[in-house]
Amino acid sequence: MKIGKNEFKLEKRTSLSGWQATSIAVLAVLMTLFLFGFIFLQAGISPGMAYREIFSYAFANKHGLPLTLNRFIFLLFTTYAFILPARAGLWNIGMTGQMYAGALSAFAVLYAFGAQQSKSLELSAGLVIPLMVLASMLGGLVIGAIAGYFKGKFDTNEIVLTMMLNFILFWLVSFMIKEGGLFMNPGGRGESFELPPSVYAPLIGGVPFTGLVAVLIGFALEFLFDRTQLGYQIKAFGKSPRAARYAGIDTFKIPFMVFLLGGAIAGLAGYHYFAAVPGVYKIARNYGQFGDLAFYGIICGLISQSNPLASMPVALLFGGLSIGGRFVQGKLHMAFGVDYALLGVLMITLVAFQFFYRYRIVRVSLDEEDGHA
Amino acid sequence: MLEFITRSLDASMIFTLAALGELIGQRSGILNVGVEGVMLFGATLGFIVAQTTGSYVLGFLTAVLIGGIIGLLHAAFSVVLGGDQVVSGMGIWIVGFGLTTYIGSPYTGPLGMERIPAVLGVSPFFFVGVLLVLITWFVLQKTSLGLAIRSVGENPAVAEVSGIKVARLRILCETVAGMLMGLAGAVYALNYNPVWNYNFLMGWGFIALALVFFSMWNPWFLLGGALLFGTMWQLSLNPEMVLPGVLSRYIWRTVPFIVTSIALVLMSTPWFRTRWGAARPQALGLPYEKD
């Protein structure tokens with residue numbers, strides 16, 4: 001394209017520095033906020049006011065901030081579940097199902113202790129809580145491992161397989177909590193029995209301990225990717241599975257491991273939202289909406305370029321935006337699903353910005369070119 | 001029982017239309033994993049237009065149009081920019097899921113229009129579906145255009161040398177693919193189950209995507225697979241029709257997904273691949289850049 005004496009050309013990028021990746025990500029987020037503003041305009045609301053409401057509720061309100069932090073923790077777990085396979089060039093879109101499996105497993109522990117019979121049951125927190133956490137990881141791990149096993153063994157399409165598992169687990173949750181299911185609330189409201197207060201997750205400064213776990217896992221993943229042999233192998237496999245095989249890397253182990261570990265972390269998301277967030281403490285009737293939220297993990301993973309540390313501010317921002325979005329939706333009487341719309345707008349921008357990860361625009365002065373000719 | 005059969009046929013045709021679109025796109029070498037997203041767009045916008053204008057025709061046209069636009073965008077991203085087709089496809093799905101939930105929610109509820117009349121006891125889309133399968137098979141296998149499409153999907157570099165415009169053909173195929181997926185969505189929302197609800201598809205598009213792999217990229221096998229899965233889906237909704245009182249209805253709902261998973265795994269075994277793996281378009285999902 002020629003403008004004046006300059007010609008602009010597209011040039012393929014050969015590498016992308018951390019700084020460049022960050023600036024592209026920041027631009028993508030700003031672009032999203034800009035585009036998302038149109039949703040408010042269309043609803044007859046000034047975007048400036050809407051954003052002020054969103055951010056002040058999400059980050060500076062005593063009711064909103066805890067919601068934001070809890071969602072942030074949930075998003076972090078699901079983001080890690082996406083990032084681990086993504087580093088190996090694989091798509092885990094099964095964090096929803098893995099998360100459900102985690103929630104079901106955690107409640108299975110409670111069930112084993114007889115917690116469905118009475119909410120006032122006194123259980124030993126020191127025993128039951130660690131068991132629930134472990135069970136949730138194990139549940140997610142099994143579902144992740146199914147996808148990883150077949151990916152590694154037969155190169156089965158992991159997108160379709162993990163999506164099928166999402167639906168299977170979705171209906172299994174209904175089976176367990178509705179119409180006489182084992183975990184059904186005796187009140188029969190189509191939700192699970194409630195957690196006895198004796199095993200509510202301990203809070204650290206008002207935030208469930210899962211927040212600390214989520215942050216620690218982020219650093220552990222960073223260490224795994226950067227400092228360990230497995231991390232190196234995952235990266236090599238991600239660049240080219242065939243080259244990895246020639247380099248002696250076990251091409252079954254890598255897909256299996258990343259899905260297995262990713263699934264275990266997604267399972268924690270299930271424990272977190274249904275057994276650790278104050279005010280929830282049960283598998284709610286609308287659990288499907290929590291499952292949908294897990295897909296934010298894909299977006300956070302893509303924006304942070306599969307960097308676990310970078311995903312923290314991203315998850316915090318989108319946790320806040322989705323909470324704040326839902327709040328203004330109610331306050332300003334907008335249609336349901338503002339947070340879903342945000343998900344959509346984000347994805348449009350992200351796909352468009354993939355372009356900038358691959359190309360850059362360079363300016364060639366025509367005078368100079370003539371001079372050389 | 002008769003109602004069960006006609007409902008199954010209706011369901012099968014939704015799978016057929018969506019999967020046929022995906023098959024055409026894949027034959028030209030473009031993978032679109034966002035079938036469900038395109039269907040959601042077609043279904044939601046078709047539903048809104050039909051309800052506000054009171055015209056089925058406008059509803060279906062809208063769905064086909066929006067499907068075509070999404071297909072065109074996906075093709076442009078994949079072909080012109082050489083982007084990652086899986087990223088774009090996942091994008092289509094998430095955008096479809098997110099935006100249609102927001103756009104459609106004020107229209108939650110039944111369509112409230114007179115049902116589309118049946119022809120010879122079945123929905124007219126049964127004939128549309130079978131006819132489109134026939135046309136697709138004929139074009140792909142018996143015409144020079146079909147040969148060009150197949151060669152573009154197998155080896156674009158060779159096709160280009162032999163004078164075929166690879167980019168143009170892929171864009172054309174993927175646009176048609178999107179139109180069919182949009183139509184499939186509208187058939188769901190305007191005929192099969194004319195009630196708008198948040199994220200109502202619950203996996204139809206992903207099963208349609210899997211059906212293309214099962215079909216060995218053959219439109220007739222695809223029709224057969226769609227009939228099987230349509231019946232199975234219907235059975236999972238109304239298990240009491242055939243096996244009253246056996247298993248919870250929620251367990252029945254998992255059956256189509258379990259069967260899809262098992263079939264998908266079986267098809268990826270070396271035993272299967274060495275025998276029938278050659279049917280897969282060799283250049284599927286790979287960006288092609290002209291030298």
Side-chain angles (χ1 to χ4, degrees), chain A residues 10 12 39 91 93 146-147 149-151 153-157 159-161 163-181 288-289 292 295-296 298-299 302 329 334-352 354-355 357-359, chain B residues 33 36-37 73-74 77 81-84 86-108 198-199 202-203 205-207 209-210 213 236 247-262 264-270 272-273 289:
Chain A
L10 286 179
K12 217 173 197 174
I39 301 252
W91 284 81
I93 56 169
I146 294 174
Y149 179 84
F150 290 116
K151 183 70 199 175
K153 193 93 180 158
F154 303 136
D155 197 20
T156 306
N157 184 315
I159 294 179
V160 179
L161 189 55
M163 200 68 205
M164 292 300 121
L165 288 165
N166 286 345
F167 289 114
I168 293 171
L169 266 298
F170 176 87
W171 291 115
L172 277 183
V173 174
S174 279
F175 172 68
M176 294 307 284
I177 68 171
K178 293 180 180 172
E179 292 180 15
Q289 290 180 19
D292 298 340
F295 293 127
Y296 266 104
I298 299 176
I299 292 188
L302 287 175
Q329 169 192 308
M334 296 174 68
F336 167 82
V338 169
D339 40 355
Y340 286 88
L342 173 67
L343 192 69
V345 174
L346 256 173
M347 199 69 211
I348 296 179
T349 330
L350 261 185
V351 173
Q354 289 295 314
F355 175 74
Y357 287 112
R358 294 174 51 88
Y359 294 97
Chain B
V33 295
E36 180 129 339
L73 286 175
H74 180 60
F77 179 82
L81 300 180
D84 187 327
V86 177
V87 172
S88 169
M90 291 308 298
I92 290 171
W93 166 61
I94 293 184
V95 172
F97 171 50
L99 285 189
T100 60
T101 297
Y102 179 71
I103 298 170
S105 73
Y107 299 87
T108 304
Y198 129 85
N199 192 24
M202 293 294 294
F206 285 97
I207 290 189
L209 174 63
F213 302 141
S236 79
L247 295 177
S248 145
R249 66 191 180 101
Y250 295 120
I251 296 297
W252 277 103
R253 293 301 293 269
T254 66
V255 168
F257 302 111
I258 292 176
V259 173
T260 306
S261 304
I262 293 172
L264 195 69
V265 167
L266 287 180
M267 291 206 52
S268 51
T269 57
F272 193 92
R273 277 181 201 260
E289 278 164 47

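In summary, of the residues considered (B:Thr269, B:Leu266, B:Val265), a side chain to side chain contact (heavy atoms under 4.5 Å, CB included) with A:Thr156 occurs for B:Val265 alone.
Contact annotation: the side chain of B:Thr101 approaches that of A:Phe336 to within less than 4.5 Å [non-hydrogen atoms, C-beta and beyond]. Taking 4.5 Å as the limit, every side-chain heavy atom of A:Leu350 sits out of range of all side-chain heavy atoms of B:Val87. Counting heavy atoms from C-beta outward, A:Phe170 and B:Thr254 have side chains that stay 4.5 Å or more apart. Inter-residue side-chain proximity for B:Phe257 and A:Trp171 is flagged as met; some heavy-atom pair is nearer than 4.5 Å. Between B:Phe77 and A:Val351 the shortest side-chain heavy-atom distance falls below 4.5 Å.
Interface residue B:Leu264: backbone and side-chain heavy atoms are both found under 4.5 Å from chain A. Heavy atoms of A:Met334 lying under 4.5 Å from chain B belong exclusively to its side chain. Looking at B:Ile207, the atoms closer than 4.5 Å to chain A (heavy atoms on both sides) sit in the backbone and in the side chain alike. Contact of B:Met267 with chain A is not made at all, since no heavy-atom distance falls under 4.5 Å. Residue B:Val255: no heavy atom, backbone or side chain, is found under 4.5 Å from chain A. Only the side chain of B:Phe213 comes within less than 4.5 Å of a heavy atom in chain A; its backbone stays farther off. Only the side chain of B:Trp93 comes within less than 4.5 Å of a heavy atom of chain A; its backbone N, CA, C and O stay farther away. Residue contact with chain B, scored on non-hydrogen atoms closer than 4.5 Å, involves the side chain of A:Ile159 exclusively.
In this structure, the side chain to side chain contact (heavy atoms under 4.5 Å, CB included) partners of B:Arg273, at least two apart in sequence or on a different chain, are A:Asp155, B:Ser268. Every residue two or more places apart in sequence or in another chain that forms a side chain to side chain contact (heavy atoms under 4.5 Å, CB included) with A:Asn166 is listed here: A:Thr96, A:Met163, A:Phe295.
Ring pair A:Phe175/B:Tyr250: centre-to-centre distance not below 6.0 Å.
Comparing B:Thr108, B:Val33, B:Ile258, B:Asn199 by how many heavy-atom pairs each has under 4.5 Å with chain A, the most go to B:Ile258. Of the listed residues (B:Gly37, B:Ala210, B:Gly82), the greatest number of heavy-atom pairs within a distance under 4.5 Å of chain A belongs to B:Gly82. Here A:Ile168 is the residue among A:Ile168, A:Val338, A:Leu343 with the most heavy-atom pairs under 4.5 Å with chain B. Heavy-atom pairs under 4.5 Å with chain B were tallied for A:Ile299, A:Leu165, A:Ile93, A:Ile146; the largest tally goes to A:Ile93.
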Are B:Val95 and A:Val345 close enough, and set up right, to give a side-chain contact (heavy atoms from CB on, under 4.5 Å), and what steps lead you there? CA-CA 7 Å; B:Val95 172; A:Val345 174; over 6 Å; no

List the steps, then state whether ring-ring contact (aromatic ring centres under 6.0 Å, His included) holds for B:Tyr198 with A:Tyr340. CA-CA 11 Å; B:Tyr198 129 85; A:Tyr340 286 88; 5.5 Å; yes

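In this structure, B:Met90 and A:Met347 approach most closely via the heavy-atom pair C-CE, 4.3 Å.
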